[in-house]
S.K.: 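Supplied in structure tokens, the structure appears directly below.
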Amino acid sequence: MNENNAWSKRYTLTVKSQPKAIWQAFVDINNWKRWNPGVKSITIEGPFHTGTWFTMVLPEGEVVRSQLTDVSEGKYFIDETWVDETRVNVEHRIEASGPDESIVTYAISTQGPQAKAFGEGISSDFPEVMAGLATYLAETGSM
């Protein structure tokens, strides 16, 4: 494989919640573990803004350090993680689709020698994570 390998995939889910409530769930990182089974714990090193770093501990104990590379309040955020020599970018986007309904999109793009393998592995639980977010919003009454 050459180092210019790239891979990407997009997942969408319609959620019965307004964008503002979904955004609140995104920026409330201390509660990510309540709806994202892939997060055991998380710490952020500053405000939820472009340039801020955060560290996640995965259920297996692996530690992943990532940076918020683009944050547009209420609309989307993109984080970047390096896994060995492969760059992984994940975009989390919210779009209103009705009075109390939104479309949540998770888009992953990877570039590097392990682009496809890491991309597929990292994004394999995205549908479960997004469904967990929808359930969390419904249970907390976040409309």
Side-chain angles (χ1 to χ4, degrees), residues 1 5-143:
M1 288 188 155
N5 283 344
W7 182 90
S8 64
K9 190 163 183 178
R10 179 176 302 270
Y11 301 83
T12 60
L13 180 68
T14 300
V15 177
K16 294 208 175 297
S17 192
Q18 293 178 348
K20 184 177 179 181
I22 299 167
W23 184 254
Q24 281 309 120
F26 280 165
V27 299
D28 183 13
I29 62 147
N30 292 321
N31 280 314
W32 280 12
K33 63 183 177 260
R34 291 182 59 192
W35 55 268
N36 184 337
V39 175
K40 182 177 179 183
S41 67
I42 187 168
T43 53
I44 191 165
E45 300 167 21
F48 199 92
H49 294 156
T50 300
T52 299
W53 289 86
F54 63 96
T55 303
M56 289 188 297
V57 178
L58 308 183
E60 318 79 50
E62 183 181 354
V63 177
V64 177
R65 187 164 154 78
S66 304
Q67 185 178 34
L68 296 170
T69 57
D70 191 0
V71 178
S72 179
E73 188 172 342
K75 296 179 181 169
Y76 68 85
F77 74 94
I78 300 171
D79 60 63
E80 179 177 277
T81 308
W82 283 87
V83 183
D84 298 329
E85 299 296 315
T86 299
R87 184 177 66 209
V88 179
N89 287 317
V90 180
E91 178 181 353
H92 312 75
R93 182 173 291 276
I94 310 161
E95 296 175 70
S97 60
D100 289 314
E101 195 173 85
S102 303
I103 296 172
V104 175
T105 302
Y106 276 33
I108 183 171
S109 61
T110 55
Q111 188 169 10
Q114 301 280 335
K116 185 175 186 209
F118 287 151
E120 288 177 346
I122 291 166
S123 66
S124 65
D125 70 343
F126 282 10
E128 181 185 359
V129 170
M130 295 167 73
L133 173 62
T135 301
Y136 171 75
L137 292 164
E139 288 173 352
T140 58
S142 301
M143 298 298 259

S.K.: Minimum heavy-atom separation for W23 and I94, please, with both atom names.
M.R.: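 Where W23 meets I94 most closely, the heavy atoms are N-CD1, 3.6 Å.
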S.K.: Cut-off 3.5 Å, side chains only: do D70 and Y76 have a donor facing an acceptor?
M.R.: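 Distance-only check passes for D70 and Y76.
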S.K.: Roughly how far, to the nearest 0.5 Å, is the CZ atom of F118 from the OG1 atom of T86?
M.R.: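 These two atoms lie 5.0 Å from each other.
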S.K.: Between N36 and Y136, is any pair of side-chain heavy atoms under 4.5 Å apart?
M.R.: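 When only atoms from C-beta onward are counted, Y136 and N36 do not touch, as no gap falls below 4.5 Å.
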S.K.: Which pair of heavy atoms, one from F26 and one from F48, lies closest together, and at what distance?
M.R.: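 Closest approach of F26 to F48: O-CE1, 3.7 Å.
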S.K.: Mind checking the CD-CH2 spacing from E128 to W35? Nearest 0.5 Å is all I need.
M.R.: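 Result: 12.0 Å between the selected atoms.
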S.K.: In a check of side chain to side chain contact (heavy atoms under 4.5 Å, CB included) between T55 and each of V64, I42, T43, which one passes?
M.R.: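 The option that passes is T43.
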S.K.: If you compare all heavy atoms of Q67 against all heavy atoms of G51, which two are closest, and at what distance to 0.1 Å?
M.R.: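 Smallest interatomic distance, heavy atoms only, reads NE2-O, 3.0 Å.
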S.K.: For the atom pair CE (M130) and OG1 (T135), what is the distance rounded to the nearest 0.5 Å?
M.R.: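 M130 atom CE to T135 atom OG1 measures 12.5 Å (nearest 0.5 Å).
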S.K.: May I ask you to test the L137-K16 pair for a side-chain heavy-atom distance under 4.5 Å?
M.R.: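 A side-chain contact is absent here, since even the closest heavy-atom pair is not under 4.5 Å.
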S.K.: Between atom CH2 of W53 and atom OG1 of T69, what is the distance when rounded to the nearest 0.5 Å?
M.R.: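 W53 atom CH2 to T69 atom OG1 measures 10.0 Å (nearest 0.5 Å).
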S.K.: What I'd like to find out is whether the side chain of F54 reaches to under 4.5 Å of the side chain of I29, using heavy atoms alone.
M.R.: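 Counting from C-beta outward, F54 and I29 never come under 4.5 Å.
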S.K.: Is there a side-chain contact between T81 and I122 in this structure, where contact means two heavy atoms from C-beta onward sitting under 4.5 Å apart?
M.R.: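 T81 does not reach I122 side chain to side chain.
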S.K.: Should L133 and V15 count as side-chain neighbours, where that means a heavy-atom distance under 4.5 Å?
M.R.: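 L133 vs V15: side chains apart.
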S.K.: Can you find a side-chain donor-acceptor pair between Q111 and N5 that sits under 3.5 Å?
M.R.: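 There is no such pair between these side chains.
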S.K.: Answer yes or no: are there more than 12 heavy-atom neighbours, outside R65 itself, under 6.0 Å from its atom CZ?
M.R.: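 Counting other residues, nucleotides and ligands, CZ of R65 exceeds 12 neighbours.
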S.K.: Is the count of non-hydrogen atoms from other residues, nucleotides or ligands lying under 6.0 Å from E73 atom CD greater than 12?
M.R.: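 Count not over threshold, so no.
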S.K.: Would you check, one step at a time, whether the test side-chain contact (heavy atoms from CB on, under 4.5 Å) holds for Y106 with L13?
M.R.: CA-CA 9 Å; Y106 276 33; L13 180 68; over 6 Å; no
S.K.: Looking at every non-hydrogen atom in both residues, tell me the closest pair between P37 and P59 and how far apart they are.
M.R.: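 Taking P37 first and P59 second, the nearest heavy atoms are O-CG, 3.2 Å.
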S.K.: Quick check for you: to the nearest 0.5 Å, what is the distance between K9 atom NZ and K116 atom NZ?
M.R.: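 So the NZ of K9 and the NZ of K116 are separated by 10.0 Å.
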S.K.: Which atoms form the tightest heavy-atom contact between G74 and P19, and what is the distance?
M.R.: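 Answer, listing the atom of G74 first, then P19: O-CB, 4.4 Å.
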S.K.: After noting the C-alpha distance and the side-chain angles of Q114 and E85, does the key distance pass the side-chain contact (heavy atoms from CB on, under 4.5 Å) rule?
M.R.: CA-CA 8 Å; Q114 301 280 335; E85 299 296 315; over 6 Å; no
S.K.: Step by step, would you call T14 with I103 a side-chain contact (heavy atoms from CB on, under 4.5 Å)?
M.R.: CA-CA 4 Å; T14 300; I103 296 172; 4.1 Å; yes
S.K.: Which atom pair, heavy atoms only, marks the closest approach of Y11 to S123?
M.R.: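 Closest heavy-atom pair between Y11 and S123: OH-OG, 3.1 Å.
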S.K.: Just verifying a value: how many Å separate I78 CD1 and L68 CG, rounded to the nearest 0.5 Å?
M.R.: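 Reported to 0.5 Å precision, the distance equals 10.0 Å.
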S.K.: State, without any angle test, whether S109 and S8 hold a side-chain donor-acceptor pair at a distance under 3.5 Å.
M.R.: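 Distance-only check fails for S109 and S8.
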